[in-house]
Novice: 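Here it is: the structure, laid out below.
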2 protein chains.
Amino acid sequence: MAASIKEVAQRAGVSLGTVSNVLNRPDIVSPQTRKRVLEAIEELGFVRNDSARQLRAGRSRTVAIVVLDVSNPFFTDVVRGAEAVVEGAGGMVVVCNSGGGASREHRHLDVLEEQRVQGLLVTPVSDGRQPRLDRMVKRGIPVVLVDRGAGLANQCSVAVDDVLGGRLAAEHLAERGHRRIAFVGGPAGLRQVADRLAGAEAALAERDLPAPHVVETPVLSVSTGRTAADEIVTLPASRRPTAIFCANDLVALGALQALTAHGLKVPDDIALVGYDDIEFAAGAAVPLSSIRQPREQLGRTAAQLLLEESTDPEHHEHRHVVFQPELAVRQSSEHKRRRTR
Amino acid sequence: MAASIKEVAQRAGVSLGTVSNVLNRPDIVSPQTRKRVLEAIEELGFVRNDSARQLRAGRSRTVAIVVLDVSNPFFTDVVRGAEAVVEGAGGMVVVCNSGGGASREHRHLDVLEEQRVQGLLVTPVSDGRQPRLDRMVKRGIPVVLVDRGAGLANQCSVAVDDVLGGRLAAEHLAERGHRRIAFVGGPAGLRQVADRLAGAEAALAERDLPAPHVVETPVLSVSTGRTAADEIVTLPASRRPTAIFCANDLVALGALQALTAHGLKVPDDIALVGYDDIEFAAGAAVPLSSIRQPREQLGRTAAQLLLEESTDPEHHEHRHVVFQPELAVRQSSEHKRRRTR
DNA sequence: CCTCGTACATGAAACGTTTCATGCGATGGA
DNA sequence: TCCATCGCATGAAACGTTTCATGTACGAGG
């Protein structure tokens with residue numbers, strides 16, 4: 001059914017190797033032969049079999065990116081950044097979605113390893129040593145951690161300083177006079193979540209403010225944000241936080257919806273700060289204050305490191321790039337009046 | 001570097017074929033041999049080479065989905081629906097992003113064809129005959145069109161009735177008393193865009209209302225929505241539309257931002273209806289009326305059709321599934337008072 | 001004791017490329 | 001005229017699987 005090089009060769013009346021040469025080094029074959037071969041290719045609708053090619057070459061030309069959540073705009077922006085670089089270099093990106101599940105991540109990595117991908121950009125579900133990833137690295141498959149500062153010696157990483165981000169958010173709220181602050185996010189095992197919380201805690205502690213009230217969510221999504229806010233709303237007004245710092249914008253948007261549904265005004269009754277500054281944050285019912293991350297930049301840089309390692313593994317030195325987040329203040333945390341003093 | 005079956009065989013002291021049997025039909029090999037082989041695999045960190053396997057098998061087990069825009073939540077939801085089905089069947093999904101560009105789509109299809117993917121879900125950039133896709137179908141690669149009603153005889157399709165969707169939106173606005181209605185979206189060549197416009201035009205014509213003022217955008221995104229709205233705002237108040245129907249929610253959210261920035265109130269000065277009802281529509285600054293599509297369902301159904309065709313090409317009959325959209329009315333099109341009468 | 005069947009292991013062939021050493025005819029210089 | 005060179009085409013080997021026909025040993029049934 002699918003024509004092979006052999007049939008093309010037969011049809012063009014040349015040898016098998018010649019066809020391959022036309023495909024890979026057209027310059028070394030004479031113009032007339034080349035023409036005959038190209039015609040044969042055309043007539044037969046020949047399409048190179050990449051499996052065979054890879055089998056011979058030992059490696060493919062596709063770069064995989066495994067994200068925690070395809071439906072989070074943060075990750076799709078990272079993907080687009082990576083795509084820009086990889087495609088600019090003539091490669092191809094495939095996106096895999098772990099959905100935050102360890103087993104799905106596992107399966108994806110299995111398959112990608114079997115496919116001998118050229119390299120891997122990954123935001124792993126769990127932190128700590130990754131025997132899987134280590135093995136891929138040992139096998140010579142470059143791995144770049146995205147949005148993880150892990151700083152392991154055997155791979156590059158690209159991340160944004162989440163501790164600082166958490167700090168920025170908490171400082172901002174503290175300056176606005178908030179004393180009872182809640183943190184919504186989870187699972188707690190997620191590095192991003194833990195770091196953001198840690199930064200917030202540190203900032204509050206330095207100011208002798210009480211530690212944040214933590215509401216853990218099973219995942220970071222709009223619906224878990226809603227649920228968490230529902231819970232917060234049930235607290236007696238005297239203990240209810242006056243501000244919520246959410247681990248990402250999806251959660252914050254969900255919280256915003258739930259708070260509004262319960263008749264609470266943002267920011268007057270409760271202030272809200274999100275994280276990621278996704279495109280939809282600024283357009284929310286109450287424009288959302290958020291911690292901005294250089295999303296596409298993250299993807300671009302990760303891809304560059306990957307390609308660098310891939311093309312010249314000898315001289316490559318693993319690097320750990322850390323970007324700085326920025327606070328974007330919008331209405332959701334803008335008080336009409338200061339609360340203190 | 002990468003251990004092969006041969007080395008495993010050597011280490012376990014068995015033949016090459018036996019190792020393969022352990023991998024593929026463990027039941028036909030004696031328990032003790034199996035154990036020895038598995039140990040060898042473990043010790044060597046052997047990972048099957050999928051290229052070789054595919055080369056032999058002639059086909060891979062991955063399904064590809066090529067979407068118009070990864071950063072549009074509509075498509076990520078479709079992707080998740082497809083993932084659920086394919087992974088449930090033991091397969092794997094890779095996502096490719098054409099970004100609406102014909103050349104990127106072309107490149108992706110090239111590579112996917114070379115990789116002999118098991119099947120392809122695709123929302124093509126352009127309509128009409130697709131020699132590329134036809135060729136893949138001829139080659140025996142099942143192709144399912146997503147969000148296209150194309151109705152071609154040689155492939156399945158899954159779509160939502162966009163003409164009806166456009167109609168619903170226009171009827172809704174007409175009932176609210178609007179007479180000057182704008183349509184924002186593009187490129188005009190995009191089937192979805194054209195259909196939605198056509199539906200709206202038909203509905204207005206039936207009511208003897210003037211045809212919509214069309215503002216074409218180069219792509220469907222938040223920023224083009226902003227630009228389009230900026231343009232509409234410059235119209236003299238007497239000719240300015242009182243309602244805008246946007247070809248999707250991204251555009252609508254952009255438009256909403258721009259209108260608000262210009263001091264226009266939605267819906268009082270200008271009503272707004274979007275399309276897709278993405279998760280962020282309900283949480284927008286002014287909750288957005290929109291046309292809801294069964295997004296995940298779309299992906300699930302497409303994947304089911306694909307797998308069906310893939311597993312039993314003989315008895316497969318191409319089908320064209322069309323879902324019905326629904327109108328979700330929210331504040332962005334809710335007038336305090338009727339305009340007519 | 002022979003035969004047959006069963007339970008397993010074996011080795012070679014095939015999948016479609018790429019690469020590389022080799023072959024061969026023509027051209028140019030000595 | 002002969003040799004070196006060059007330009008181009010060739011065919012075989014190799015990549016790592018899977019499959020299948022074949023082989024072998026062993027226990028059971030006659």
Novice: Provide, to the nearest angstrom, the distance between the CG atom belonging to B:N21 and the C1' atom belonging to C:dG11.
Specialist: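 After rounding, the reported distance stands at 12 Å.
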Novice: When you compare the side chains of A:S310 and A:Q118, does any donor N or O come within less than 3.5 Å of an acceptor on the partner?
Specialist: yes
Novice: Tell me, which of residues 38-55 of chain B have any heavy atom that sits under 4.0 Å from an atom in DNA chain C?
Specialist: B:L55
Novice: Does B:S30 reach a base, just sugar-phosphate, or nothing at all? Heavy atoms under 4.0 Å.
Specialist: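 Contact class for B:S30: sugar-phosphate only.
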Novice: Send over the distance from B:Q10 CD to D:dG16 C1', rounded to a whole Å.
Specialist: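 In whole Å, D:dG16 C1' and B:Q10 CD are 14 Å from each other.
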Novice: With no hydrogens and no angle check, just 3.5 Å: does a side-chain donor-acceptor pair link B:N72 and B:T76?
Specialist: no
Novice: Under 4.0 Å, counting only non-hydrogen atoms across every strand here, what does A:T18 touch: a base, just sugar-phosphate, or nothing?
Specialist: base
Novice: Nearest to the side chain of A:L23, heavy atoms from C-beta on, is which of D:dG16, D:dC8, C:dT18?
Specialist: C:dT18
Novice: Please produce a list of atom pairs where a protein N or O lies less than 3.5 Å from an N or O of nucleotides 12-14 of chain C.
Specialist:
unit_1: C:dA14; atom_1: N3; unit_2: B:R56; atom_2: NE; d: 3.2

Novice: Could you check A:R25 against B:R34 and say which one's nearest nucleotide on DNA chain C is further toward the 5' end?
Specialist: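 Whichever sits nearer the 5' end wins; that is B:R34.
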Novice: Taking atom C1' of C:dC8 as reference, at what distance in whole Å does atom CZ of B:R36 sit?
Specialist: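 From B:R36 CZ to C:dC8 C1': 13 Å.
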Novice: Enumerate the residues from residues 110-118 of chain B whose closest heavy atom to DNA chain C is under 4.0 Å, giving them by residue number; use none for an empty result.
Specialist: none
Novice: Atom NZ of B:K6 to atom C1' of D:dT18: distance rounded to whole Å?
Specialist: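 Going from B:K6 (NZ) to D:dT18 (C1'), I get 15 Å.
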Novice: Are B:K35 and B:E39 within salt-bridge range, i.e. N to O under 4.0 Å?
Specialist: yes
Novice: Would you say the ring centroid of B:H108 lies under 6.0 angstrom from that of B:H106?
Specialist: no
Novice: Round to a whole Å and report the spacing from CG of A:N24 to P of C:dG16.
Specialist: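 Going from A:N24 (CG) to C:dG16 (P), I get 17 Å.
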Novice: Counting only N and O atoms by type, is there a donor-acceptor contact under 3.5 Å from the side chain of A:S98 to the main-chain atoms of A:V67?
Specialist: yes
Novice: Quiz question: by atom type and distance under 3.5 Å, do the side chains of A:R148 and A:Q192 form a donor-acceptor pair?
Specialist: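 The answer is yes; a qualifying pair exists.
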Novice: Is a donor from one side chain sitting under 3.5 angstrom from an acceptor on the other, for B:S71 and A:R80?
Specialist: yes
Novice: In whole angstroms, how far is the C1' atom of C:dT18 from the CD1 atom of A:I28?
Specialist: 12 Å
Novice: Do you know which of B:L190, B:L220, B:N97 makes side chain to side chain contact (heavy atoms under 4.5 Å, CB included) with B:L68?
Specialist: B:L190
Novice: Roughly how far, to the nearest 0.5 Å, is the CZ atom of B:R132 from the CG atom of B:L120?
Specialist: 10.5 Å
Novice: Mind calculating the distance between CD1 (B:I5) and P (D:dT19) to the nearest angstrom?
Specialist: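 Value for this atom pair: 11 Å.
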Novice: For this output row, return yes or no: ring centroids of B:H320 and B:H318 closer than 6.0 angstrom.
Specialist: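 Between B:H318 and B:H320, which both carry aromatic rings, the centre distance is not below 6.0 Å.
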Novice: Quick check on side chain to side chain contact (heavy atoms under 4.5 Å, CB included): which of B:T18, B:I41, B:V8, B:L38 does B:L23 satisfy it with?
Specialist: B:I41
